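Written below as structure tokens is the structure these notes are about.
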Protein chains: 2
Amino acid sequence: MNLPPLVQSFVLHFGEMGSRWGINRTVGQIYALLYVSPEPLNAEQIVEALGISRSNVSMSLRELQAWNLVLLKHLPDDRRDFFTTPDDVWQILRTLAEERKKREVDPTLSVLREILMQQPASEAERHAQARMSEMHGLIEQLTTWYEDVKQLETDRLATLLTLGAKVTRLLEAKDKIVSLGRSKRTTEKG
Amino acid sequence: MNLPPLVQSFVLHFGEMGSRWGINRTVGQIYALLYVSPEPLNAEQIVEALGISRSNVSMSLRELQAWNLVLLKHLPDDRRDFFTTPDDVWQILRTLAEERKKREVDPTLSVLREILMQQPASEAERHAQARMSEMHGLIEQLTTWYEDVKQLETDRLATLLTLGAKVTRLLEAKDKIVSLGRSKRTTEKG
DNA sequence: TCGTCATTTCAGTAATTACTGAAATAACTG
DNA sequence: CAGTTATTTCAGTAATTACTGAAATGACGA
């Protein structure tokens with residue numbers, strides 16, 4: 001591996017993290033490298049930087065493209081492919097969320113729905129379906145929220161995040177008022 | 001594998017998904033099985049249900065315990081260990097979020113901080129640091145939000161999710177008012 | 001059309017990860 | 001304490017996944 005020390009630390013870390021996700025070491029490293037590179041890189045440059053085989057780079061780039069995490073660029077009078085990541089980290093986050101949802105959440109939702117359609121043939125199956133239904137409900141609620149916020153432009157999303165707690169406090173205040181009203185009525189009754 | 005058909009579908013699906021996460025097939029299957037079981041199960045029951053070795057069950061349960069995804073129970077006059085998952089799916093979600101953060105986000109944050117402390121020795125490193133700093137900022141914003149909302153009780157969290165879009169609409173309304181005010185003032189100046 | 005360069009494919013192999021069976025440990029009981 | 005049962009450990013092996021080098025494909029210009 002042939003990289004400036006700071007870049008190398010970053011690249012190695014992403015390699016290790018890669019295996020902690022579903023993604024593999026090389027894919028993680030290439031992504032990290034592209035992310036910090038000031039210019040788009042071609043396959044040969046990646047080979048040199050990471051010291052891995054040309055074919056491995058080819059396959060890993062293909063995987064990154066499948067994840068939509070990488071942009072393909074071309075320079076005039078040069079028929080090699082150059083790769084970068086989007087500049088905007090919020091955009092990257094969106095892509096990541098979308099792709100993980102597609103791969104990890106959607107299939108589960110559809111399996112759950114399919115199973116919930118079927119007639120339980122025993123008490124055990126009845127109970128299992130009830131549990132799956134709880135899971136299904138939770139996931140639906142989360143994805144509805146996600147579909148909602150993913151539309152937001154970056155600055156609004158940022159505001160929403162910063163607000164996070166404050167919205168909560170507002171809700172708490174509302175709850176207190178409501179419960180005050182309730183206890184007042186209870187008192188009046190008793 | 002010796003399970004009612006509906007349960008089996010669910011278990012097999014979780015096994016496959018398992019490998020898509022960092023977790024492995026067996027761990028995923030055991031978790032799914034425990035999740036839908038009406039009663040806590042002991043290791044031997046898991047062996048029979050899934051048709052895997054006793055030692056594999058032992059290791060996989062250990063992993064699930066490391067993730068805090070599983071509860072250990074004891075029956076009176078029985079010294080075997082019985083396992084369940086928490087009843088409350090929201091609690092499960094919280095645990096999952098917390099553990100994934102611990103494993104996937106925190107280490108990255110600390111690597112980023114460490115690198116950002118160092119003096120860049122070249123223009124390439126300077127640029128890399130700038131990129132890492134953007135990433136660091138984004139992750140910090142997300143984790144701050146997360147630390148905030150994870151405190152919420154279940155029903156408040158649910159409300160917050162349901163609200164998601166509406167809060168947004170409120171923000172949009174506020175933006176419009178602000179920008180109206182701004183353009184009015186601009187007009188007055190010109 | 002041929003030669004060159006860029007990329008992809010893929011069979012073979014290396015590396016890693018998952019799983020098993022046997023033995024060890026641990027926790028109890030008579 | 002010896003015997004029984006539950007669990008864990010771990011060396012060996014199976015299975016899976018990652019990676020390589022060589023060959024194939026494709027896309028161009030002469």
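Each chain gets a letter, A, B and so on, in the order its sequence line appears, and its residues count up from 1. Small disclaimer: the values here were computed from a predicted structure and weren't measured.
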note = When rounded to whole Å, the CG to P distance for the pair B:Asp77 and D:dA6 reads 14 Å
request  = Kindly indicate whether the side chain of A:Arg54 and the base of D:dT20 share any N or O donor-acceptor pair separated by less than 3.5 Å?
outcome  = no
task = Salt-bridge test for A:Arg103 and A:Glu99: reply yes if a basic N is under 4.0 Å from a carboxylate O, no otherwise.
result = yes
message = What's the separation between atom CZ in A:Arg54 and atom CD1 in A:Ile46, rounded to the nearest 0.5 Å?
response = 8.5 Å
task = Check whether any side-chain nitrogen or oxygen of A:Asn24 sits under 4.0 Å from OP1 or OP2 of D:dC19, and answer yes or no.
result = yes
query = Rounded to the nearest Å, what distance is computed from the CG atom of residue A:Leu41 to the C1' atom of nucleotide C:dA6?
reply = 16 Å
ask   = Does A:Thr26 place a side-chain N or O at less than 4.0 Å from the phosphate oxygens OP1/OP2 of D:dA18?
value = no
key: Closest-nucleotide 5' rank along DNA chain C - winner of A:Phe83 and A:Arg25   = A:Phe83
key: Distance (rounded to the nearest 0.5 Å) between B:Asn42 CG and B:His74 NE2   = 10.5 Å
ask   = Given atom CZ of B:Arg62 and atom C1' of C:dT25, what is their separation to the nearest angstrom?
value = 12 Å
message = Tell me whether the side-chain N or O atoms of A:Arg80 pair up with the base of C:dC5 as donor and acceptor below 3.5 Å, since no angle test is needed here.
response = no
query = When we call it a touch if two heavy atoms are under 4.0 Å apart, what does A:Asp81 touch: a base, just sugar-phosphate, or nothing?
reply = sugar-phosphate
task = Can you tell me the distance, in whole Å, between the CG atom of B:Leu64 and the C1' atom of D:dT7?
result = 16 Å
query = Are OP1 or OP2 of D:dG21 and a side-chain N or O of A:Asn56 less than 4.0 angstrom apart?
reply = no
ask   = Given atom CD of A:Gln45 and atom C1' of C:dA6, what is their separation to the nearest angstrom?
value = 14 Å
inquiry  = With a 4.0 Å cutoff (strictly under), does any side-chain N or O of A:Arg79 reach OP1 or OP2 of C:dT4?
reply    = no
key: Spacing of A:Asp78 atom CG relative to D:dC28 atom P, expressed in whole Å   = 13 Å
query = Do B:Lys150 and B:Arg94 come within less than 4.5 Å of each other through their side chains, counting heavy atoms only?
reply = no
Distance, rounded to the nearest Å, where A:Ile52 contributes CD1 and C:dA14 contributes C1' = 15 Å
message = Quick check: any donor-acceptor pair below 3.5 Å linking the side-chain of B:Ser53 to the base of C:dG21?
response = no
ask   = So does A:Ser55 get a side-chain nitrogen or oxygen closer than 4.0 Å to the phosphate oxygens (OP1/OP2) of D:dT20?
value = no
key: Separation between CD of B:Gln118 and CG of B:Leu116, rounded to the nearest 0.5 Å   = 9.0 Å
ask   = A:Met59 has an atom CE; how far is it from atom P of C:dT13, in whole Å?
value = 16 Å
